[in-house]
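Order of the sequence lines fixes the chain letters, A, B, ..., with proteins taken first and strands second; residue numbering starts at 1 for each chain.
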Amino acid sequence: MTAIDLGMPQLGGLDLVPTADDVQKAKDYTSDQEVRWCPGCGDYAVLAAVRSFLPTLSIRRENTVFVSGIGCSSRFPYYLDTYGMHSIHGRAPAIATGLAISRPDLSVFVVTGDGDALSIGGNHLIHALRRNVNVTILLFNNRIYGLTKGQYSPTSEVGKVTKSTPMGSLDHPFNPVSLALGAEATFVGRAMDSDRKGLTAVLEAAARHRGASLVEIYQDCPIFNDGSFDVLRRPDDSESRVIPVVAGQPITFGNEGRWAVVRRGFGLRVAPTAEVAPEDVVVHDPADLELSFALSRLSDQELDHAVFGVLRQVDRPTYDDATRAQVQQAVDGGGDDLIGLLHGRDTWTVRDGAVLPHTTTGDSAR
Amino acid sequence: MNSAVDVVTDEVRKRHRVVIRFAGDSGDGMQLTGDRFTAEAAAFGNDLSTLPNYPAEIRAPHGTLAGVSSFQLHFADYDILTPGDRPDVLVAMNPAALKANAADLPAGGVLIVDTDEFTPRNLAKVGYATDPLEDGSLAPYTVHRVAMTTLTTSALAPLGIGKKEAERSKNMFALGLLSWMYSRPTEGTERWLREKFARRPEIAEANVVAFRTGHAYGETTEAFAVRTEVSPAVLPDGTYRQVTGNTALAYGIVAAGQRFGLPVFLGSYPITPASDILHELSRLKRFEVTTFQAEDEIAGIGAAIGAAYGGALGVTTTSGPGLSLKSEALGLAVMIELPLLVVDVQRGGPSTGLPTKTEQSDLLQAVFGRNGESPVPVVAPSSPADAFDAAVDAVRIAVTYRTPVLLLSDGAIANGSEPWRLPDAGELVATPVAFQSEPNGPDGQFLPYARDTETLARPWTVPGTPGMEHRVGGLEKADGTGNISYDGDNHERMVRLRQAKVDGISVPDLEVDDPTGDAQVLVLGWGSTFGPIGAAVRRLRAAGHAVARAHVRHLNPLPANTEAVLRSYRRVVVPEMNLGQLAFLLQGRFALPVVSVTKVAGLPFGAAELEDRLQPHLTDDERIEVPA
Ligand SMILES: Cc1ncc(C[n+]2csc(CCOP(=O)(O)OP(=O)(O)O)c2C)c(N)n1
Ligand code: SF4
Ligand SMILES: [Mg+2]
């Protein structure tokens, strides 16, 4: 049997959020707090991109909330004139989940770091993705613990020498995109801090996606992990490494598209475009989980290749919509009032020193 | 079925109170049997108090001591305070149940055993060298040997259900027999069985037949010729129902949501003995209750904080180990000053401890267990029914003062049950919370940390309110603006403000019960020791001692008159199910000596036990000796 389109209304991520009356500007989203990241920190570029992309969503500023954990990047909410909570280390996805469930009229963003999201908060991250709560998660990956002054993180490459790993780190890093896909995420994207255009496009798609969206942002920490993404920035190096993907487009990249992504066994590999038949070039399909996963595996810890753009996007009912629907169904279904609930089925009465026979009501849901 | 009137041999003896203990294997359905007998007692209008006692394992090895589950019920024709110390009647469904409980049965007590289970194999399993039914060791008791299993299976034979299923109904045989012995109404149980097994009518029928068979067995067997009757108890005027602490607490949360006009959001992770609150609230969505089973306790409180930020009544429920996990997030709630209800149903600790046994050993954790100066109001219910009022009161504090509040219940309250005088509509008037939607500072500025002059509460402004955008967080806040501030003087001020806010919470004065007015000794308790202390003090007074008592509901802040009350007695004795945590708190707070009487054996104090433990402290000797 083929799938039948029941014409169910498709809600977008922002469809229940009130729209703004006036045209908004980046300035409107700028709070009066002094930004205190180190000079040259990649967070500045992301902040600028977010401040200018938020007005384009045309939703009310007061219906926008940024919830963050702890880390340099998690200072983000203070610098935006929206509602916000700078919470505790790793727990922002849990807090955002409660907020998103109870307030469908809000656009809820989570700002987190590689340590915040993948070390202490790993559990909350995977469950938020699995549940598909309608939140947009910005994961600032600088492959280091910035705020605590430079220990290695769960995304640091093996052998990383830091204050806590003077002989080199030993543990294998997470690939956040692979992790998110494994955690049943319905939206996974990746962008570079300095790529305003690419970052804005991914963020906008993420915000408009109904469900949990994870955007991994490669972010430079010039103080403790300087130049960690330089191979993806320098034109000569990046030419053969940076792979932008667009839904429905064959995946080619480099100068004049001289590289192409083709299949290899169950995975993918990069080949010179000239050497492959055009029909063998993989066409990007964000709904194809196996393809998304294989794309995420093109980027290993050495960054020989890195895929940017929307790697995965599919529709799946969100946990918060479903939760509210259940509550609404129960409210609509009616039943006894509070007094009825408290009384339950079996009560007895004492009056003027005498016990009256007990009463049983038949219809209580108790 | 209740045809007692036609029985010629019927003889009825009146009693004021009876304690029954059902004991069997954890697979025997003893909790269910006890619950049902309790419902029958409630329907009859007795006062009652119950004590379930079961192993942490769901099905411990069959027939072993470790697998024994019991349910004790005390019912009476007057107001009673505890589930009773020792049973008058012990129902032992197997040798393990007998062995584990016989020592509690006083000489002359009634013992009813299922003889079918007294096989050599079952006896050997629990180390009985000889059959206690034969070797005379049960001589001090009135023993009824009833082949419950075979009587049940043969009665069910015509129904054609499987042997296993038939045997499983023997608990209803026991319930039927006891219902006859204590002249209990039976219609309720039959109706309840038919509803419970509505989807499996053959099982419903089997249980009803087993129940009737047990009842008829009592009626027709000479040995049971004497029935006992316990008249209804004349409690204060009102309408009553029977309720467990967890249910009353869940209802209190619903009622509080309605009172303050807030949708309830519960974030919780399952843990004994708190899970039933999650279960109960999950069924009450029609009262605008959202329940979220989180990935862990931290996410449970985190989501509740998020919901509170959005304008819901955020609630999280747990037991000791879960409270430990929530500490950091609780500190965040202290810092961002949002209303939040945190329920800790205490159990034996530390670590995983005794999951199904009661204890009061989280008090100091509740009051102090967070980093930094992190004051949190603490409220404790004193009995199952009181959990309703305590929950409503805790929410009142949370909402009025914009603070997390800890509600400290415990296993005895959670699973125990008693009659509850129901509030009427007049007691449930709604006073909806007003969110701050207008600027409160100079020049139309919004100051999220400006305080109400009386309560010191900060405004509760929810996202979606135009012009009031602001950020909250765990970093120290500048007084007024709420911006990040690392300034030492500001921190000093904010620490003291948060403390002053909690210290200034309005709580009722401590009420002292001192009928003769000349007592020299005050017995002071908190939480579920209410019943045992009341019963022990009754006994002491009956023996001619002048004893005063008082019970603390608000453990933080303590009632304003606490110190004055304590100082007006020559001696203050504090019984607790821990190693003296309230005693420690009082001594630290008021620098006055307190005698600590403690127990951590997994069960509440018994009335006689506590009487014995209090007795030595009633002498006129002015010097207070704290036992080493
Ligand atoms: C419970 C707790 N543990 C540890 C810390 C210390 N801490 C603060 S931020 C951080 C790591 C942050 O790393 P990341 O998430 O990568 O953020 P970045 O600073 O790199 O942006 C740590 C360990 C804390 N604040 N709270
Ligand atoms: S330490 Fe690194 S991540 Fe943190 S603010 Fe400085 S540059 Fe940015
Ligand atoms: Mg980092």
(Q) Does B:E288, at its CD atom, have more than 12 non-hydrogen atoms belonging to other residues, nucleotides or ligands within less than 6.0 Å? (A) no
Salt-bridge present ([X], [Y]; N to O < 4.0 Å):
X	Y	result
B:E427	B:R259	no
B:R191	A:D346	yes
B:R421	B:D237	no
A:R51	A:D28	no
A:R210	A:D15	no

Find the one option among [options] whose heavy-atom pairs under 4.5 Å with chain B are most numerous.
options	answer
A:R60, A:H127, A:R351, A:H89	A:H127
A:R130, A:Q33, A:Q328, A:R131	A:R131
A:N123, A:D332, A:I101, A:L80	A:N123
A:N63, A:I339, A:T97	A:I339

Is [X] close to chain A through its backbone or its side chain, or both, or neither, when contacts mean heavy atoms under 4.5 Å?
X	value
B:I301	neither
B:M335	neither
B:A233	backbone
B:P423	both
B:F292	both
B:S231	neither
B:V462	both

**Q.** Residue pair A:V355 / A:W348: nearest heavy atoms and the distance that separates them
**A.** CG1-CD1, 3.9 Å
Q | Closest approach of B:A41 to B:F75 (non-hydrogen atoms, all atoms of both residues) | A | CB-CB, 4.2 Å
Which atoms of [X] come close to chain B, meaning under 4.5 Å heavy atom to heavy atom: side chain ones, backbone ones, both, or neither?
X	result
A:I126	neither
A:V65	side chain
A:T323	side chain
A:D337	backbone
A:Q329	neither
A:L338	both

**Q.** Contact residues of residues 103-122 of chain A (partner chain B; heavy-atom separation under 4.5 angstrom)
**A.** A:R103, A:L106
Q) If contact means a heavy atom pair closer than 4.5 Å, which residues of residues 66-77 of chain A contact chain B? A) A:R75, A:P77
Q | Residue pair B:F388, B:W420: steps toward the ring pair (Phe, Tyr, Trp, His ring centres under 6.0 Å) verdict | A | CA-CA 9 Å; B:F388 178 86; B:W420 171 28; 4.9 Å; yes
Q | Among B:T465, B:T461, B:L447, side chain to side chain contact (heavy atoms under 4.5 Å, CB included) partner for B:Q436 | A | B:T461
Q.
Donor-acceptor check, side chain of A:K149 to backbone of A:L147, threshold 3.5 angstrom: yes or no?
A. no
Q.
Taking the ring of A:Y79 and the ring of A:W37, is the distance between their centroids below 6.0 Å?
A. yes
Q: Scan side-chain atoms only and decide if B:T38 and B:Q242 contain a donor-acceptor pair under the 3.5 Å cut-off.
A: no
Q) Hey, which of B:P466, B:G474, B:P232 has the most heavy atom pairs under 4.5 Å with chain A? A) B:P466
Q) Is the NZ or CZ atom of B:R471 positioned over A:Y83's six-membered ring, under 6.0 angstrom from the centre and within 45° of the axis? A) no
Q) Using the ring of each side chain (for Trp, its six-membered ring), is B:H470 parallel, tilted or perpendicular to B:Y309, with breaks at 30° and 60°? A) perpendicular
